[in-house]
Each structure stands twice: as C-alpha cells, then as structure tokens.
Amino acid sequence: MTVTNRNRIIRREWCDRTALAVAPDLLGCTLVRQKLTGETIRGLIVETEAYLPDDPACHAYRGQTASNAHMFGPAGLSYVYFIYGMYHCLNVVTEKTGIGSAVLIRALQLKAVPAGLEADDLNRIAAGPGKLCRTLEIDRRLSGLPFSPQTGLWLEHRHPAFSKALTSGIHKISQTTRIGISKATDQPWRWYLTNNPAVSKP
DNA sequence: CTGAGGATCCTG
DNA sequence: AGGATCCTCAGC
C-alpha cells in the first residue's frame with residue numbers, strides 16, 4: 001500500500017462523534033474490502049443513514065442484547081447484522097463505548113465489477129445495504145471488528161478533488177427521511193449524493 | 001414456547 | 001402488492 005493511501009485511512013477518533021455528523025461526512029469516502037485472496041474491492045460511499053441512542057428505529061433503542069452488542073462498542077467498529085433471513089447490512093459504530101449509535105452504509109459506487117461477478121449495470125450492484133454486503137462478501141463474521149486494513153475492511157477519507165467538488169457545488173448532498181423503517185419515520189437522517197446513479201432510491 | 005416483525009430486494 | 005427466508009425478542 002502506498003504512503004498516500006495509508007494517510008487516507010479513517011481512524012477510530014474520526015468516528016467518535018454523533019452519527020448525525022458522521023453520516024453525511026462519510027459521503028464521498030471510500031469503503032475498501034480486501035478478501036483473503038488479496039482481491040481488493042473499493043466503493044465510493046454515496047448513501048448513509050444515522051441511528052441514534054434515543055431513536056426508536058435504532059437497534060440499540062431497547063438496550064444492549066447479544067445481537068446488537070457491537071453497536072455499544074467504541075467508535076470505529078463495524079456492526080453487521082442479518083435481516084429478512086437473507087441479507088446483511090453494514091454499519092460504522094459511532095461515539096464512545098456504552099453509547100448505542102451507528103451509521104448504516106446504504107450504497108456504494110464501484111469503479112469495476114469484482115472478479116467472478118456479473119453485472120448489467122455497474123451502478124446497481126452495490127445500490128442498497130443488502131446488495132453492497134453481498135457484493136463485498138461482508139457478513140456477521142466481520143461484525144465487531146475495527147475498520148482497518150488488518151481486518152480486511154476499512155474506510156478512506158474523501159479525495160481532495162471530491163471535497164473541492166462539494167464546496168464548489170459540482171457535487172451536492174440530499175437529505176431525506178430513512179428507508180425501510182416503521183418507527184421514527186419522520187426523522188430526516190438519510191443522506192445521499194444528489195443525482196448519483198448508485199444511490200438505492202432517489 | 002410461540003409468533004410477529006424486521007435498517008431488504010426481486011418479481012409481477 | 002407479495003413472497004423469500006430466518007433470527008430475535010417480547011409476551012404468554
């Protein structure tokens with residue numbers, strides 16, 4: 001790995017903030033998955049949602065259990081859960097140990113189709129939290145681990161060119177209510193890159 | 001012990 | 001609008 005890449009890696013302290021701040025800040029950052037084969041898949045984060053401690057839609061809302069325990073871990077851990085008997089979803093744990101909050105990564109934009117996969121539309125193979133975990137081979141074995149090259153799953157900061165495009169208005173961020181929940185449906189805690197074709201739903 | 005519900009996705 | 005598919009937890 002090059003020096004420039006090492007310096008891009010997001011550290012645990014960066015995640016030690018409210019999920020309401022981390023979620024929009026993760027847009028334009030890169031999620032990287034390195035499999036045991038050495039194959040590396042990188043995806044631009046284009047859609048996120050925040051889940052807070054006092055939030056009825058948050059898995060941590062009713063307190064800590066065996067299945068949601070990783071959400072109460074320190075900032076910068078992964079929290080992966082299994083849903084609808086079929087899909088996994090990936091979160092970035094935020095805030096200090098004991099506080100159950102996280103950011104759900106909802107969609108990635110890939111630059112290439114990973115080896116062994118087929119895709120009619122590159123922009124749709126990671127357009128949704130379940131799809132991105134399937135594409136990157138993320139399951140519960142990766143839950144509770146720090147985002148780090150050592151675990152084969154890490155985050156990298158925005159490239160300067162992306163940040164510049166945001167400040168100059170070439171890229172924009174949209175904010176809406178969250179998807180797929182039945183409680184706290186009026187909270188506008190979903191963010192995505194406006195007009196990005198890899199977002200799960202406009 | 002039971003069953004409803006779930007931070008999804010695909011098909012019709 | 002409905003089904004796949006299964007884990008978790010609240011309620012009895």
Side-chain angles (χ1 to χ4, degrees), chain A residues 15 17-27 29 31 33 43 45-73 75-95 99-110 113-114 117-145 147 153 155 173-193 196-202:
Chain A
C15 303
R17 297 179 285 151
T18 170
L20 293 177
V22 175
D25 281 359
L26 275 171
L27 297 178
C29 296
L31 177 70
R33 170 81 171 112
I45 298 174
V46 300
E47 180 181 350
T48 58
E49 284 177 356
Y51 288 88
L52 305 188
D54 292 330
D55 169 10
C58 179
H59 290 172
Y61 182 66
R62 291 172 197 283
Q64 186 169 341
T65 65
S67 61
N68 69 12
H70 297 147
M71 268 191 107
F72 291 83
L77 291 194
S78 65
Y79 164 54
V80 182
Y81 63 90
F82 185 59
I83 187 80
Y84 297 118
M86 244 177 292
Y87 298 101
H88 295 272
C89 294
L90 172 69
N91 292 258
V92 179
V93 174
T94 57
E95 303 222 51
I99 301 178
S101 65
V103 173
L104 173 69
I105 309 294
R106 284 196 53 90
L108 301 175
Q109 185 170 39
L110 304 195
V113 179
L117 298 182
E118 293 182 20
D120 293 336
D121 184 350
L122 176 60
N123 281 318
R124 306 310 296 168
I125 61 176
K131 294 171 78 175
L132 77 88
C133 283
R134 193 181 55 195
T135 296
L136 271 61
E137 296 184 15
I138 292 168
D139 61 31
R140 278 195 293 188
R141 289 172 294 188
L142 286 168
S143 190
L145 303 179
F147 282 90
L153 188 66
L155 297 160
I173 291 175
S174 296
Q175 183 173 6
T176 70
T177 53
R178 297 172 292 182
I179 291 180
I181 54 171
S182 61
K183 292 165 246 173
T185 53
D186 53 342
Q187 300 293 355
W189 293 342
R190 169 178 178 250
W191 291 266
Y192 63 91
L193 293 182
N196 185 289
V199 164
S200 71
K201 294 185 177 79

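Small disclaimer: the values here were computed from a predicted structure and weren't measured. Labels below follow one simple rule: chain letters A, B, ... track the order of the sequence lines, proteins then strands, and each chain is numbered from 1.
D121(A) has its CG atom 12 Å from the P atom of dC10(B), to the nearest Å. The CZ-C1' distance, from R178(A) to dT8(B), rounds to 16 Å in whole Å. Following rounding to the nearest Å, I179(A) (CD1) and dG6(B) (P) show an atom-to-atom distance of 16 Å. Atom-to-atom, NZ of K131(A) to P of dA4(C) comes out at 20 Å; the value is rounded to the nearest Å. Atom CD1 in I125(A) sits about 19 Å away from atom P in dT8(B), given to the nearest Å. Protein atom CD1 of I138(A) is 15 Å distant from nucleotide atom C1' of dT8(B), rounded to whole Å. Between R62(A) atom CZ and dA7(B) atom C1' the separation is 15 Å, expressed in whole Å. Rounded to whole Å, the distance from CZ on R190(A) to P on dT8(B) is 11 Å.
For the OP1/OP2 pair of dT8(C) and a distance below 4.0 Å, the side-chain nitrogens and oxygens of R140(A) include at least one atom meeting the criterion. The side chain of R134(A) places no N or O atom within less than 4.0 Å of a non-bridging phosphate oxygen (OP1 or OP2) of dT8(B). The side chain of T65(A) places an N or O atom within less than 4.0 Å of a non-bridging phosphate oxygen (OP1 or OP2) of dC9(C). Applying the 4.0 Å criterion to OP1 and OP2 of dG6(B), one finds that S182(A) has a side-chain N or O inside that range.
Between the P atoms of dT5(C) and dT2(B), the separation comes to 22 Å (whole Å).
Within 4.0 Å (heavy atoms only), L104(A) reaches at least one base atom of the nucleic acid.
Nearest to the side-chain atoms of S67(A) among the listed nucleotides dT8(C), dT8(B), dA7(B) stands dT8(C). The F82(A) side chain lies nearest to dC7(C) when the options are dC7(C), dT8(B), dA4(C). Side-chain proximity of Y51(A) to dC9(B), dA7(B), dG6(B): nearest is dA7(B).
Nearer to the 5' terminus of DNA chain C, by closest-nucleotide assignment, is the contact made by G85(A) (compared with the other of A66(A) and G85(A)). Residues P129(A) and K183(A) both approach DNA chain B. Their nearest nucleotides, taken by heavy-atom distance, put K183(A) toward the 5′ side.
Side-chain N/O atoms of Q109(A) and N196(A) include a donor and acceptor closer than 3.5 Å.
With a 4.5 Å cut-off on side-chain heavy atoms, L77(A) and L145(A) do not count as touching.
Ring-to-base geometry places Y84(A) in a stacked arrangement with dT8(B) (centre distance under 5.5 Å, plane angle under 30°).
In a base pair of the Watson-Crick type (N1 to N3 plus N6-O4 or O6-N4) or a G-U wobble (N1-O2 and O6-N3), with each distance short of 3.5 Å, dG11(C) is matched with dC1(B). Across all strands shown, dG2(C) forms a Watson-Crick or G-U wobble pair, both distances under 3.5 Å, with dC10(B).
For S200(A) (side chain) and A107(A) (main-chain N/O), no donor-acceptor pair under 3.5 Å exists by modelled atom type. A donor-acceptor pair is defined here as one N or O able to donate and one able to accept, closer than 3.5 Å; such a pair exists between the side chain of R124(A) and the backbone of P197(A). Formation of a donor-acceptor pair under 3.5 Å by the N91(A) side chain with backbone atoms of V93(A) is not found in this model.
Annotation: F82(A), atom CZ; neighbour count of heavy atoms from other residues, nucleotides and ligands within 6.0 Å is above 12.
Judged by atom type and distance alone, Y81(A) reaches the base of dA7(B) through a side-chain donor-acceptor pair under 3.5 Å.
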